[in-house]
Each structure stands twice: as C-alpha cells, then as structure tokens.
Amino acid sequence: MTFEGSVPLCLECGLCCNGVIFADVKLQLGDGAARLRSLGLPISTPKSEPRTPGFNQPCAALEGCRCRIYAERPKYCRTFDCLILKSVKAGRLETAAALLIIRTARERADKVRRLLLSLGDTDEQVALAARFQRTARRLEEGEFDEQTADAYGELTLAVHDLNVILNDAFYPGG
Ligand code: SF4
C-alpha cells in the first residue's frame, strides 16, 4: 500500500490492495469515514463487535496497481509495508529479485482465479481466500463429478502454493 517512492515494486504488485493478501481494511482514528466515502470507498460498519468501520477488498480505489486516492488513503494503507518492500528498503533484497517474487505470486493468484472461475465462482469483487472458502463449502456440500473433483484438487494445491509465497515473502502469519 506504499506506492510512490517504492516504484517499480508496488506499481508492479497490488497484492495488498486487490484481495489477495487482505480481505478488508479497518479504519483508524482520524481516517474520517464520511471523507473516505466521498472519495468512493464503500465504508461499512460491522453489525457485531468490534464495530470498527472499514471496507472490503479488492479495493474500489485500486486502478491496475495504482491507488486512485493515494494522497488521501486511510492510515493503515499509509503505514503498511510488506516484507518484500521492507527487505528492499533495508538492502537485504535486490529490486530485480523482488520483482521476480512479485511476478510469481501474481501468477499463482491468477491461477487460483482461473480455477475458481472454472468451478463457477464468478463474483470477483470478493477477497480470494473468501472465494476459495465459499467454493470449497459449496462443493463439499454437494455431489460433484470426476472433472470437478480434479479441478477442485488443482485449486486446493494452487491456493496452498499461493499461501506459501504470501507467508514467506509478503505477510508472514497472514
Ligand atoms: S485505499 Fe489505496 S492503498 Fe488503501 S487498499 Fe485501497 S488502493 Fe490500496
């Protein structure tokens, strides 16, 4: 969520805004829900405690890999740096190597998306992990043929591969 000054890394990535790493962003004191709503973020307040307002990902302000409201973005977005970005900033990782990891992670996320689509999950306005969970629930509750079983097996492996790289390189414990 740190874009400018982190070019080309963040502008090649977008994984912390597009629903791959996070499912939502919680607002912090001073963010101003009304202000962010006026900028196009669909801020909502959960019905159960803790009733912290926030918005879901994929983020409505993300255009390609760029934040449309960069100068006005919420506090969490301002302060979050993924592990790769921290490593590059600290000189522990070359930019070229970081870009390679980002490309691999994006390819793995694309594979998960393709498999979800092939299994009938077409609503892409939901975080990837939630899409996988609802697809798994739907399939496990019903009967499915051999072809669907194969695709589901492939999806499970693809989600595992994605989670490995996200945990190792982007957001440990995420
Ligand atoms: S407001 Fe901007 S930085 Fe924050 S999640 Fe959305 S696109 Fe990313």
Side-chain angles (χ1 to χ4, degrees), residues 1-90 93 95 97-114 116-117 121-134 159 162-174:
M1 297 185 196
T2 306
F3 299 82
E4 286 162 19
S6 308
V7 176
L9 274 197
C10 297
L11 294 176
E12 296 290 329
C13 183
L15 293 172
C16 65
C17 303
N18 70 1
V20 171
I21 296 180
F22 297 114
D24 59 22
V25 176
K26 301 287 183 216
L27 300 197
Q28 297 181 12
L29 217 57
D31 269 334
R35 179 185 70 84
L36 291 170
R37 247 185 227 114
S38 76
L39 292 167
L41 289 184
I43 309 294
S44 62
T45 304
K47 289 192 172 64
S48 54
E49 297 294 339
R51 302 190 68 229
T52 311
F55 57 95
N56 292 333
Q57 291 201 357
C59 181
L62 187 66
E63 291 178 346
C65 290
R66 187 178 291 273
C67 176
R68 178 175 51 77
I69 59 166
Y70 185 79
E72 306 286 337
R73 67 200 189 287
K75 280 186 184 161
Y76 186 80
C77 305
R78 290 175 189 279
T79 51
F80 177 77
D81 279 353
C82 72
L83 187 58
I84 284 199
L85 189 54
K86 282 183 186 157
S87 302
V88 170
K89 280 180 174 175
L93 185 66
T95 298
L99 287 170
L100 201 57
I101 296 169
I102 288 167
R103 193 177 324 136
T104 303
R106 285 177 60 93
E107 284 168 3
R108 290 185 187 186
D110 284 344
K111 184 172 184 183
V112 170
R113 286 193 195 95
R114 271 199 309 279
L116 283 167
L117 280 174
D121 190 300
T122 54
D123 179 4
E124 302 196 60
Q125 296 311 306
V126 175
L128 214 51
R131 291 182 66 192
F132 172 61
Q133 281 160 14
R134 74 183 175 190
V159 168
L162 175 61
N163 286 339
V164 166
I165 199 167
L166 294 181
N167 272 297
D168 284 354
F170 293 83
Y171 190 53

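First listed ligand is number 1; within each ligand, the first listed atom is number 1. Residue numbers count from 1 along this sequence. Keep in mind the model is a prediction, meaning the values are calculated, not measured.
Of the possible donor and acceptor atoms, none in the side chain of Arg131 sits under 3.5 Å from a partner among the backbone N and O of Glu124. Looking at Arg66, its side chain never comes within 3.5 Å of a backbone N or O of Leu11 through a donor-acceptor pair. In this structure a side-chain-to-backbone donor-acceptor pair under 3.5 Å is present from Arg68 to Leu39.
Note on Cys77: counted as a metal contact of atom 4 (Fe) of ligand 1, an N/O/S atom lying under 2.8 Å. Atom 8 (Fe) of ligand 1 lies under 2.8 Å from an N, O or S atom belonging to Cys17. Within the 2.8 Å limit, Cys67 places no N, O or S atom next to atom 6 (Fe) of ligand 1.
If you number the atoms of ligand 1 from 1 as listed, the ones under 4.0 Å from a heavy atom of Gln57 come out as 5 (S). Every atom of ligand 1 with a heavy atom of Pro74 under 4.0 Å away is listed here by number and element: 1 (S).
Residue contact check for ligand 1: Arg78 places no non-hydrogen atom closer than 4.0 Å to it.
Here the OG1 atom belonging to Thr95 is positioned 9.5 Å from the CG atom belonging to Leu85, to the nearest 0.5 angstrom.
Within the 4.5 Å cutoff, the side chain of Leu162 has heavy atoms near those of the Leu128 side chain.
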